[in-house]
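A short write-up of the structure that comes next.
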Number of protein chains: 2
Amino acid sequence: MLSKKTKYGLKALTYLAKVDDRQPVQIAEIAKHENISQKFLESILLTLRRNGFLGSKKGKGGGYYLIKEPKDIPMTTVMRVLEGPIAMVPCVSLNFYEKCDDCPNEDECSVHKLMLQVRDSALDVYRNNTLADLL
Amino acid sequence: MLSKKTKYGLKALTYLAKVDDRQPVQIAEIAKHENISQKFLESILLTLRRNGFLGSKKGKGGGYYLIKEPKDIPMTTVMRVLEGPIAMVPCVSLNFYEKCDDCPNEDECSVHKLMLQVRDSALDVYRNNTLADLL
DNA sequence: TGAAAACCCTATTAAATCGATAGGGTAAAA
DNA sequence: TTTTACCCTATCGATTTAATAGGGTTTTCA
């Protein structure tokens, strides 16, 4: 399942991508428009800012804004920051690899074999979609 | 993340597919060989039996056995029975569809758009793999 | 300059899920 | 008729998730 965190994060990015001139948008505005708990969204936007997707401006007239062009934001990076590993099992993860403690031999593991394909196909989708493609 | 239930279920199916003549195999044997908690595996095998993948034989010399040819067991059905929906969000699920309560318009939803592609690519993998392909 | 606006941060919590365990009941085969 | 092995229910601890609470700090503008 996709977490609400990722879902809300994607919606917020989409919303910001549609704003003219990258004007700062208040959290409250995004939360209201996308039906998201404001406090929860706050923490998500913070994560996105810390990871280089968003900039923020404090004080009156402040808010969050995109600091990259939507076409330069691939879904791979968004997903990894918000959702974590793209792979369904750590033993086939590129960025979060971990050996299974129960499995003695990855090369002969049927789960490994299948999940490797699933990872590749998902990766293919994420690599071929930038934020611009979702608008 | 792939649940251990699915992981163990797949491993058990693979194990049973390799057995000659579809001889019944005891739970304990599978559990030991695949490093799975026996009681947990028991419940998984029961699910697989109830869903038409396995047969069982009670009493001495009993156990579980495949009742179909591995090539006739597509991963789509295995995944749906063990893991549930293949889609990452209910609003793009074929077999477990549900409308998002926060999203007013699916056609304009960026998450929907992306997750539809992810679902299709995963589905593609599962449809092109039977149990026989994982041996 | 000071107060309001808006970001920033930590802690807590309710609910759900997961993986595992416990303990027995029941059917079938030797 | 006894053993074997499947069958079933209930429970539990740990973890994660989504949300809430509550306050802080910085910046802007009147």
Side-chain angles (χ1 to χ4, degrees), chain A residues 1-12 16 23-32 34-51 53-67 82-85 88-90 96 98 100-103 111, chain B residues 1-12 16 23-32 34-51 53-67 82-85 88-90 96 98 100-103 111:
Chain A
M1 274 289 283
L2 194 76
S3 68
K4 300 243 173 175
K5 182 180 174 187
T6 304
K7 186 181 177 184
Y8 294 164
L10 277 171
K11 287 196 168 196
L16 290 172
Q23 288 290 314
V25 180
Q26 299 166 33
I27 295 175
E29 182 184 329
I30 306 175
K32 193 178 172 189
E34 300 293 337
N35 295 305
I36 306 174
S37 147
Q38 179 165 338
K39 278 289 193 180
F40 190 26
L41 178 60
E42 212 174 303
S43 71
I44 297 167
L45 294 179
L46 203 53
T47 303
L48 289 172
R49 190 188 63 90
R50 288 206 188 102
N51 283 278
F53 296 100
L54 302 180
S56 65
K57 189 166 178 253
K58 290 185 180 179
K60 206 167 190 174
Y64 283 98
Y65 51 92
L66 272 189
I67 56 175
L82 292 174
E83 191 74 7
M88 292 183 81
V89 279
F96 302 82
E98 247 177 86
C100 295
D101 38 350
D102 56 312
C103 190
V111 178
Chain B
M1 274 287 281
L2 193 75
S3 67
K4 300 241 171 176
K5 183 180 172 184
T6 305
K7 186 180 178 185
Y8 295 163
L10 278 171
K11 287 197 168 195
L16 290 174
Q23 287 290 314
V25 180
Q26 298 165 35
I27 295 175
E29 181 184 330
I30 306 175
K32 193 179 175 189
E34 300 292 337
N35 294 306
I36 306 172
S37 145
Q38 179 165 340
K39 278 290 192 180
F40 190 27
L41 179 60
E42 212 174 305
S43 72
I44 297 167
L45 294 179
L46 201 54
T47 304
L48 290 172
R49 190 188 63 91
R50 287 205 189 103
N51 284 278
F53 296 100
L54 303 180
S56 65
K57 189 167 178 252
K58 291 184 179 177
K60 204 165 194 176
Y64 282 98
Y65 52 91
L66 273 188
I67 55 175
L82 292 174
E83 190 75 5
M88 290 182 80
V89 278
F96 300 83
E98 246 177 88
C100 296
D101 38 351
D102 57 310
C103 189
V111 179

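Heavy atoms only: backbone and side chains are in, while hydrogens, waters and symmetry mates are out. Just so it is clear, the structure is predicted and the values come from calculations on it, not from any experiment. Below, read A as the first sequence line, B as the second, and so on, with proteins coming before strands; counting in each chain starts at 1.
Among the heavy atoms of the strands lying under 4.0 Å from Lys4(B) are primed sugar atoms or P, OP1, OP2 only; no base atom is included. Within the nucleic acid shown, Ser43(B) has no heavy atom closer than 4.0 Å to any nucleic acid atom. Among the atoms of the strands shown, only primed sugar atoms or phosphate atoms (P, OP1, OP2) are found under 4.0 Å from some heavy atom of Ile27(B).
Here Tyr8(B) does not reach the OP1 or OP2 of dC18(C): none of its side-chain N or O atoms lies under 4.0 Å away. The side chain of Ser3(B) places no N or O atom within less than 4.0 Å of a non-bridging phosphate oxygen (OP1 or OP2) of dT17(C). Neither OP1 nor OP2 of dC6(D) sits under 4.0 Å from any side-chain N or O of Arg50(B).
Taking only distance into account, the side chain of Glu42(A) never meets the base of dC7(C) through a donor-acceptor pair shorter than 3.5 Å. A donor and an acceptor atom sit less than 3.5 Å apart, one in the side chain of Lys39(B) and one in the base of dG23(C).
In this structure, the nucleotide among dT21(C), dG19(C), dC9(C) sitting nearest to the side chain of Arg49(A) is dC9(C). Nearest to the side chain of Lys58(B), among dC7(D), dA6(C), dA20(C), sits dC7(D).
Residue-to-nucleotide proximity on DNA chain C shows that, of Lys60(A) and Ser56(A), the 5′-proximal contact is made by Lys60(A).
Ion pairing between Lys11(A) and Asp102(B) holds under the 4.0 Å rule for side-chain N and carboxylate O.
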